[in-house]
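Worth saying up front: this structure is predicted, and the values here are computed from it rather than measured. The figures that follow rest on heavy atoms only: side chains count, while hydrogens, waters and symmetry mates do not. Sequence lines set the chain letters: A, B, ... in the order given, protein chains first and strands last, and positions in each chain run from 1.
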Amino acid sequence: MAKVPKPEELSKIDYKPSKKRWMDTPVEFKEGMFCHGTRAKYLETVGFPNPREWSSKDEDWKLPENWKEIVLEAIKERLGKYRSFRLFMDICVRCGACADKCQFFLGTGDPRNMPVLRAELMRSVYRRYFTAPGKIMGRLAGGRELTYDVLKEWWYYFYQCSECRRCSVFCPYGIDQAEITMIGREILNLLGLNTDWIAGPVANCYAKGNHLGLEPHTIKSNIEFMLDDIETITGIRIEPTFNRKGAEILFVTPSGDLFGDPGTYTCMGYLMLFHELGLDYTWSTYASEGGNFGFFTSMEMAKRLNAKIYAEAKRLGVKWILGGECGHMWRVINQYMDTWNGPADFLEVPVSPITGSRFDNARATRMVHVAEFTADLIKQGKLKLDPTRNDHLKVTFHDSCNTARGMGIFEEPRYIIKNVCNHFYEMPEDTIREKTFCCGSGAGLNAGENMELRMRGGFPRANAVNYVHQRYGVNMLANICAIDRAALPTLMDYWVPGVKVTGVHELVANALVMKGEKERTQDLRLEPLPGKEGAENV
Amino acid sequence: MGALFSFVAVILLILLAYVGVEVAGMQPIFGIVIPYAAVLTFIAGVIYRVIKWGRSPIPFHIPTTCGQQKSLPWIKQNKLENPSSSTGVIGRMALEVFLFRSLFRLSKSELRDGRLAYGSDKWLWLAGMAFHWSFLIVLLRHIRFFATPVPSYLNLLESLDGFLQVGVPRLFMTGIILLLAVTYLLLRRFYIPQVRYISLTSDYIPLFLIMAVASTGILMRYFFKVDIVGVKELTMGLVSFNPTIPKGIGVIFYIHIFLISILFAYFPFSKLVHMGGVFLSPTRNLANNSRMVRHINPWNYPVKFHSYEEYEEEFRKKMKDAGIPVEKE
Ligand code: SF4
Ligand code: SF4
């Protein structure tokens with residue numbers, strides 16, 4: 001892992017761009033700001049072009065002879081396939097409204113991290129090769145030759161964007177740099193230019209069903225570990241089922257929840273809640289991944305990975321699908337899944353078997369967000385909750401980029417948290433809901449070698465947490481995203497030590513009073529509950 | 001560099017019209033041929049643009065959601081910022097187009113002692129609103145030159161615009177506001193370092209051009225008075241396809257109409273197309289209803305994915321050992 005400078009140093013950021021024009025300023029690859037290039041084997045697994053061993057630090061990236069042709073052809077094809085892309089190439093007025101809206105600009109001061117300039121990296125090439133003024137007047141019309149260096153610049157900066165869409169909230173035309181980044185990455189992938197941290201999970205997910213490459217028996221045994229802990233805490237032995245045909249509901253969550261805390265605590269939360277409800281549901285080891293790193297690679301790859309969810313639902317004959325807490329998984333489900341892999345006519349419109357509520361908002365996709373599901377349970381009074389068990393926590397909530405700006409699920413998790421915790425504090429208004437900042441590690445940036453980038457990109461988020469930490473003593477950062485649960489603990493340790501990270505369903509399960517449970521003395525982390533310190537756990 | 005180039009280019013255009021009319025006596029070229037050509041270019045160019053945009057489909061429904069989604073009945077949906085119906089979308093678009101909703105969100109971030117603070121920053125919004133609205137009103141006022149009799153709503157508009165009741169001819173506020181706003185938009189390109197950094201020549205050209213159009217208009221109305229009857233004869237001739245060049249219209253008029261012609265002809269090939277583009281933007285003009293209604297991607301195609309059968313084939317033994325049900329024993 002690259003060495004990251006101290007927070008005091010890192011937070012000295014100069015936002016003034018240099019005098020020299022950006023087209024004349026060569027890109028410098030800075031250690032700690034980029035990832036390793038992908039290994040050949042990962043590309044081979046999914047049949048992607050140009051698998052080879054290469055290093056992103058090398059001069060020579062071992063590209064095919066005709067790389068330039070491939071790129072220009074790919075741009076042309078996508079201009080014809082995506083109105084968004086064509087339009088966003090044409091209509092930016094460079095007003096700069098988006099300039100300081102990107103956490104990567106706020107954290108690095110690197111002008112190419114201003115969304116508008118990130119887009120110009122591509123737009124300049126578009127103008128040169130695809131518009132009349134650019135073809136004739138070149139640079140004077142803002143055009144730029146596509147060179148090897150430009151390609152490297154794309155790679156460097158399209159992997160410094162977390163596809164968070166924050167810029168598109170402020171742009172008067174809704175220009176969404178995430179869309180341009182996605183298309184840029186898709187084009188880079190035609191040359192075998194992915195990062196190892198994205199291509200690896202994609203290959204795993206493709207062949208084994210989940211990012212981590214957990215094989216079926218490992219998934220089961222990981223969950224069994226959690227069941228042991230649950231038994232220790234509650235005295236109740238839970239027996240979930242796997243790949244069970246005829247279950248009413250298929251539950252799909254990001255595999256991050258199966259491996260490594262604090263994700264596993266969230267997973268324990270689901271297990272306890274579903275057990276308490278007596279829900280007729282099953283896990284699947286085949287469709288064991290809701291998260292979709294394909295989405296950070298290409299539309300086609302995302303579709304190939306996503307296809308498993310419906311395929312498995314069909315095979316098992318379930319009625320509908322329940323989805324766990326995840327960010328980009330939910331953008332995919334909300335905006336892409338049905339279009340790619342629907343219609344889900346073999347499923348039924350989801351109805352909560354506990355409350356009878358019909359989830360009309362999911363009547364086509366037939367997949368319900370677990371926060372919608374649980375909020376409904378609480379509202380209908382179906383859960384017995386003891387929020388004092390979370391009294392040692394002062395909680396704030398981080399809206400994940402994708403669920404915020406690609407879905408709009410704001411109230412459900414807040415409603416749940418307020419019902420299971422007594423101490424909840426919002427971060428400043430400019431940093432939550434549709435204006436939320438990214439954790440700095442989204443869209444496949446949560447590797448180890450680019451740690452400085454992650455700490456920088458997460459700086460605005462951490463700053464807002466620090467504000468409530470200082471002011472109200474907040475010590476728990478809740479979220480509904482697996483990447484958050486993986487990335488935020490590191491971010492907090494770096495910027496705001498003393499703040500821990502949790503999924504919302506961990507908080508739910510802490511407060512959940514279960515039938516036949518013994519008196520609880522520990523929370524899901526096996527730490528003593530408030531007022532129960534020193535109590536023997538028997 | 002870009003700014004200087006654009007400035008010089010606009011000055012040259014002005015000189016060109018001046019010399020063309022005053023020295024070479026090419027009134028018909030500047031008063032008839034070029035305006036016709038410009039309007040034609042404008043119409044053809046805009047149609048070409050819109051067709052080009054329209055030809056690219058919208059494969060996915062990707063609205064940027066800026067408020068609470070529609071979910072459970074007791075959770076209040078933000079129908080304007082996260083619409084799920086066409087009515088909501090129309091509302092959202094209206095807010096965007098008429099009131100520049102997104103720009104209104106603007107804030108300014110500041111780093112002080114390692115802490116980020118955000119303050120509201122409505123200047124760009126204000127200047128944008130002032131600029132676009134006054135431009136629109138100025139344009140509408142010009143209908144007077146293309147219609148006889150002058151429609152009555154124009155008189156109303158003019159009396160509103162001139163409500164200050166100063167000067168002869170009466171001072172129109174919008175002309176002044178337009179000039180001030182465009183000056184502000186130019187100055188921010190000079191003085192805000194990030195905006196300066198991203199500005200291209202093609203960002204300065206329209207600003208200088210519009211500034212010159214507005215200035216010549218104001219000069220013509222209040223200072224170098226032109227023969228207004230002659231002007232109207234000329235403009236009416238243009239719209240009735242019976243063009244004439246009345247004698248004695250001042251050169252400033254020809255400069256004005258020449259600059260406008262250039263602006264019109266330039267429009268479809270420049271960033272000015274944002275005016276039409278904003279209506280088509282898929283992050284704004286779509287409802288967030290893709291879980292409720294299936295949307296079709298016209299180029300959707302089947303893909304290869306790792307099937308359950310392949311998966312079970314590979315892991316059958318391990319699955320059986322772990323007690324996970326399998327299809328084939
Ligand atoms: S806010 Fe939109 S129009 Fe303005 S510079 Fe950014 S992308 Fe371009
Ligand atoms: S999508 Fe997010 S990370 Fe990417 S440029 Fe926009 S604000 Fe920055």
Contact origin within Asn82(B) toward chain A - heavy atom pairs under 4.5 Å
side chain
Identify which part of Arg101(B) has an atom lying under 4.5 Å from any heavy atom of chain A, answering side chain, backbone, both or neither.
neither
Is Ile62(B) in contact with chain A via its backbone, its side chain, both, or neither, using a 4.5 Å heavy-atom distance?
both
Atom group of Phe100(B) that falls short of 4.5 Å from chain A, counting heavy atoms
neither
Around atom CH2 of Trp74(B), are there more than 12 heavy atoms of other residues, nucleotides or ligands at under 6.0 Å?
yes
Under 4.5 Å from any heavy atom of chain A, what part of Val273(B) do you find: side chain, backbone, both or neither?
both
Once you measure the plane-to-plane angle for Phe60(B) and Trp340(A), does it fall in the parallel (<30°), tilted (30-60°) or perpendicular (>60°) bin?
perpendicular
Among Leu117(A), Leu140(A), Val116(A), the residue with the most heavy-atom pairs under 4.5 Å to chain B is Leu140(A)
Contacting region of Pro73(B) [heavy-atom separation from chain A under 4.5 Å]
neither
What part of Phe104(B) gets within 4.5 angstrom of chain A, counting heavy atoms only: side chain, backbone, both, or neither?
neither
Quick check on Glu96(B) against chain A: is it the side chain, the backbone, both or neither that has a heavy atom closer than 4.5 Å?
side chain
Cut-off 4.5 Å, heavy atoms of chain A, and the answer for Arg196(B) is neither
